[in-house]
Amino acid sequence: MDTQYGWLLNLICYLPLAGALLMIFFVDKESSRAVKLTATVVAAADFVLSLPLWFLYRTDGAEFQFATEAQWIPSVGVQYLFGVDGFSILLILLTTLLGFISVYSSFTAITHREKEYYIFLLLLQTGMIGVFCALDFVLFYVFWEVMLVPMYFLIGVWGGPRKLYAAIKFFLYTLVGSVLMLVGILALYFFNAGGVAAIGLTGLGNEATFSIPHLYTIASQIPPELQLWVFLAFFVGFAIKVPMFPFHTWLPDAHVEAPTAGSVILAGVLLKMGTYGFVRFSLPLLPDATVRAVPWIGALSIIAIVYGALVAMAQKDMKKLVAYSSVSHMGFVMLGMFALNDPGLRGAILQMLNHGVSTGALFLLVGIVYERRHNRLIAEYGGIAKVMPLYATFFLIITMSSIGLPTLNGFIGEFTILIGAFHHSWVWALFAASGIVLGAGYMLWLYQRVFFGELANEKNKDLADLNRREQWTLIPLIVLAFWVGLYPKPFFDRMRPTVDNVMKRVAVALPEAGIAAPGEASSDAPDVADHGDEAHPEPGE
Amino acid sequence: MSLADFVPFTPEIFLALAGFVVLIAGIPLGRRGARPAIVGAVAALALTAVLVLALGRPAAGPQQILGDMLVIDGLAVFFKLLVLAVSAAALLLSAGFIERSGYSSGEFSALVLFADLGMFVMASSANLATLYVGVELMALSVYILVGYFKLELKSNEGAVKYFVIGAASSAVLLYGISLVYGTTGSLDLETIRSSLAEVPHDNILLLVGIVLIAFAILFKVAAVPFHVWTPDAYEGAPTPVTAFISVAPKAAAFALFIRLFAGTFAGEVDSWGLVLWLACAATLVYGTLAAMTQDNVKRLLAYSSISHAGYTLMGVVAASDAGTWAVMVHMAVYALMNLGGFGVVILLESKGYADVRVDDFAGLARRHPGIAAAMLIFLLSLGGIPPTAGFMGKLYLWSALLGSGFVGLTVISVATSAASLYYYLRIVVQMYLREDGADAGAPVEPLRDRWAEAVIAGCALLTLAVGVWPAPLVSWAKTGLDALGLV
């Protein structure tokens, strides 16, 4: 691990926590201006601080960079290990950007208990960044659970009418998953160390450690039986977070009841933690079980894609529609990932970012009309393109990004995933493609019903268009959508070392036939890139 | 036996004398309010701690004293200091409480000191006879403490139930001891351990004896099915006493568990392992389910403490040094969060005796953010959410349990741990998520009680500190393993 600039990562992670403490002790809760200013400055500073990660990350360097290594609980081998690779850097940048946007977009939406609200947002940000930085399993688990508490409060205090139900459902659902994950973590820990004689688990006798980079090195020695159990334990934790069908039922409740910023963070970052977990832990640590799980996860993902899209189409509430579209989109990510080939994984990682950008923006957009009308029913609207032209334009761009129109980010991600899925099996690609068609269907239908037609509803006659602040919450996301859509190479470059490493580690379990082995994948991938006419980096280079 | 043999016993002697002094001096002091006697008792506890560290600590390895009746080792020192800290905190919590009620504090403080003496003997016992004496001294003092508010019906009811069932459990303990004595011919723990190798393993009397002793200690830690006294005694006792008896006697009883079941009877694990496994699983499941339906906060915390006895028992079931270690870590952690939680209940107990309801917490975060934040920390810690100490306790317990191969019990406890958040969050919902005015009825105004507030703040900070930086606590707990000849 490369420890250069390790302090920077710690600073990025703990700055929001410091900001929250500062607010608790020194900012008067009656002074709404001071509260907003502090939160905005802290969130903006955190985003600015995270930018150097993008430039300083060396794609030819060590696997984990900006690392910190220290002892935490030496008696049981728990370390304080921080470090990132290109994959986590992309997610950290997404987190700091959405973190800033969610603070900045809440100024008028949140009118009571403002101080607590911004404190919880900042605490949440520390938790999320910590998850992406932690390279020790216990440390990871701590951050993973720490996030739950502020999110619980964001939904429960500032949410909609059924907030209490949604908050507790979110909390308990995710908690059940994560404690099972802890059991899986402990099983790996014992396997690496002394083993568990009572259940016939022979250990390797290494020094006890929860260090993930170390566990990578022993992954190939984990017996298939154990891999399966640990995979299942991890699967519950991650699949609930993603959420995969049939673990998705908490998501519509949480999304619909959460305040706008909460939904943005939930969709933009929290859902990514599930897929992050799969890429970071399940695939490289448990290659054998991963390969065995491919058909099952493929089937669940396909169900999620089609089912999520169909349910989204039937929704009357805009926010619920976007929430179910998340189920569908995350199904895409899972499908690409478990195609277990180079384009599939790259597409999945890119689509994680894309989903954060476009669904985050969609929630912001829905929140903007909700703030004006306190109503999200699609039937209440119609023809509002006439009164809110700028809003209609922004909404259109994001809709296009979400349904995968070329030149926008969604296209690159979905297309790359499709290539990966096709490499795995044409059936997968067929279903995935049908999901894209359905996605276009519900999004465009939504757009049509809300923006076109007669301006029938009196209440909509004098809706104000986007103000300056609202525009600026959306512009960064739109710029990002075009950037990824037109020139994704820098993104693919940064994730390449991660993808290569993960594929290399999964490769030990791949059968020669059927799924493309990594050697094949890298020789196939240039072909693949030729089929697509956008700027793929050459994976073989 | 020379006088020098008594030197390591000085802390106990001092504690006994201090108890009598506080008892007698409490009579004149009582006229000046509750605080002087309590200050005196806390000072005595502090001095005892100094004596334990200075004289009551083994020079090198476990040391048998007073004709092998007692032993001083890292395990005893750990639990003695824990008991002292808990008692001091409970006394500080009780100062305002007793003052408001008008009862005298001299006898109260003295009883706490006598109970501590009993727990000291329990933690140090090297002989089944001294063990029994310690248990009885502790138990008798605690029965009186539970019934201390003699004009309160609930206090009386709790004390009577506790006493009747407790007396039965003492009889069970004695019977168990007599069976073990009858089969091994000795009361000395070390002798029993070595002679167990010669007794045939199918000796039914020995097995019954061991299991009966286990039952008696399960009663002391309030494990299912020996828990029936707990909700009533915890609810009926004056709240500072509840804080005290939900932690200190439990810690001392777990010291016994370690000494007997990880030490003396460790070789007989086949005979008691299943019994404890069943008790542990039943305690976890029942404690968690029963807590879900409680509206009285003291009863809720009582069932929560039953379930925590279950979590701690997992360390005993693991029957390994990691398990023993985890028991100690979790007991220390549990002391912090439980004392703090009951401390907050004390502050809210302004409406009537033992009548704090879950909805009395409504809107607390807006009116008293500090108290609400502390309670939030305790509740999250009881639920095992990082970065609080409660998570570290559970991490050690689960790790020990899995390390011994108890996958089924781990899964049960993982499920109950997640489910327990449901009732801990009920209080959080009231504090933070309830808007004022949602329900009729005036909100409960917390009492001003500087001493209790200080204890709560200390517990909250330590709960967070141990959660973030557990290394000092866990390495201190590791010194207790020397009792088993492991360090």
Side-chain angles (χ1 to χ4, degrees), chain A residues 24 29 71-76 78 112-113 115-116 120 127 130 138-139 141-146 148-149 152-153 155-159 163-164 167-168 171-187 189-190 193-201 203 208 210 229 233, chain B residues 318-320 322 325-326 329 365-366 369-370 373 376-377 380 383-388 391-392 394-396 398-408 410-411 413-422 424-426 428-429 432-435 467-478:
Chain A
I24 291 174
K29 70 174 173 190
Q71 292 299 330
W72 186 24
I73 319 176
S75 50
V76 284
V78 178
H112 78 306
R113 299 169 75 175
K115 180 177 158 181
E116 288 168 75
F120 282 128
V138 173
L139 190 63
Y141 185 81
V142 166
F143 281 115
W144 175 276
E145 294 240 304
V146 159
L148 288 184
V149 180
Y152 168 79
F153 282 113
I155 298 174
V157 179
W158 294 274
K163 57 189 180 183
L164 292 185
I168 194 100
F171 196 101
L172 290 184
Y173 230 113
T174 32
L175 185 67
V176 169
S178 45
V179 281
L180 279 177
M181 181 174 82
L182 184 64
V183 176
I185 291 173
L186 288 172
Y189 168 77
F190 282 116
V196 183
I199 50 171
L201 175 65
F210 286 95
W229 286 110
Chain B
S320 62
W325 188 15
V329 171
R366 300 199 67 172
L376 175 66
I377 291 172
L380 291 177
I385 304 287
T388 57
F391 167 69
M392 288 301 163
K394 281 191 182 156
L395 179 68
Y396 274 77
W398 279 328
S399 145
L401 201 56
L402 269 186
S404 299
F406 290 96
V407 179
T410 311
V411 171
S413 63
V414 156
T416 57
S417 174
S420 72
L421 257 301
Y422 170 77
Y424 295 129
L425 286 181
R426 280 181 64 204
V428 176
V429 164
Y432 283 89
L433 312 190
R434 255 289 150 67
E435 302 301 329
V468 174
W469 185 242
L473 175 72
V474 297
S475 47
W476 178 41
K478 205 174 186 179

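Legend: residues meeting side chain to side chain donor-acceptor pair (under 3.5 Å) with B:Trp398, ordered by chain and number and at least two apart, are B:Ser413. The salt bridge (charged side-chain N to carboxylate O under 4.0 Å, His left out) check on A:Glu145 picks up nothing, with sequence neighbours excluded.
Between the side chain of A:Arg113 and the backbone N or O of B:Arg366 there is no donor-acceptor pair closer than 3.5 Å. Listed for the A:Trp72 side chain is a donor-acceptor partner under 3.5 Å among the backbone atoms of B:Val468.
Interatomic distance, A:Ser178 OG to B:Ile385 CD1, rounded to the nearest 0.5 Å: 7.0 Å. To the nearest 0.5 angstrom, B:Thr410 atom OG1 is 8.5 Å from A:Leu186 atom CG. To the nearest 0.5 Å, atom CG of residue B:Leu402 and atom CZ of residue A:Phe190 are 6.0 Å apart. From B:Tyr396, atom OH reaches atom OG of A:Ser75 across 4.0 Å, with rounding to the nearest 0.5 Å.
Two residues are said to be in side-chain contact when any heavy atoms from C-beta on lie closer than 4.5 Å; A:Trp229 and B:Val407 fail this criterion. The shortest side-chain heavy-atom distance between A:Ile168 and B:Arg426 does not fall under the 4.5 Å cut-off.
Contacts between B:Leu376 and chain A at a heavy-atom distance below 4.5 Å involve the side chain alone, from C-beta outward. Of the atoms belonging to A:Val78, not a single heavy atom falls under 4.5 Å from chain B. A:Ala187 touches chain B through its backbone: at least one of N, CA, C or O sits under 4.5 Å from a heavy atom, while the side chain does not. A:Leu148 does not touch chain B: none of its heavy atoms, backbone or side chain, sits under 4.5 Å away. Contacts of A:Gln71 with chain B are made by backbone atoms alone, with heavy-atom separations under 4.5 Å and no side-chain atom involved. With a 4.5 angstrom heavy-atom cutoff, B:Trp325 touches chain A only via side-chain atoms.
Among B:Gly384, B:Ser417, B:Pro386, B:Gly467, the residue making the largest number of heavy-atom pairs under 4.5 Å with chain A is B:Pro386. Of the residues considered (B:Ser475, B:Ser399, B:Ala419), B:Ser399 shows the highest number of contacts with chain A, using heavy-atom pairs under 4.5 Å. Ranked by heavy-atom pairs under 4.5 Å with chain A, the list B:Ala365, B:Pro387, B:Ala418 is led by B:Ala418. Put simply, of A:Trp144, A:Tyr152, A:Tyr189, the one with the most heavy-atom pairs under 4.5 Å next to chain B is A:Tyr152.
Aromatic ring orientation, A:Tyr141 versus B:Phe391: parallel (interplanar angle below 30°, classes split at 30° and 60°).
Here the shortest heavy-atom pairing between B:Val414 and A:Val183 reads CG2-CG2, 3.5 Å.
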Next on the checklist: Using side chain to side chain contact (heavy atoms under 4.5 Å, CB included), reason through A:Ile73 and B:Met392 one step at a time and then give a plain yes or no.
Outcome noted: CA-CA 10 Å; A:Ile73 319 176; B:Met392 288 301 163; 3.8 Å; yes
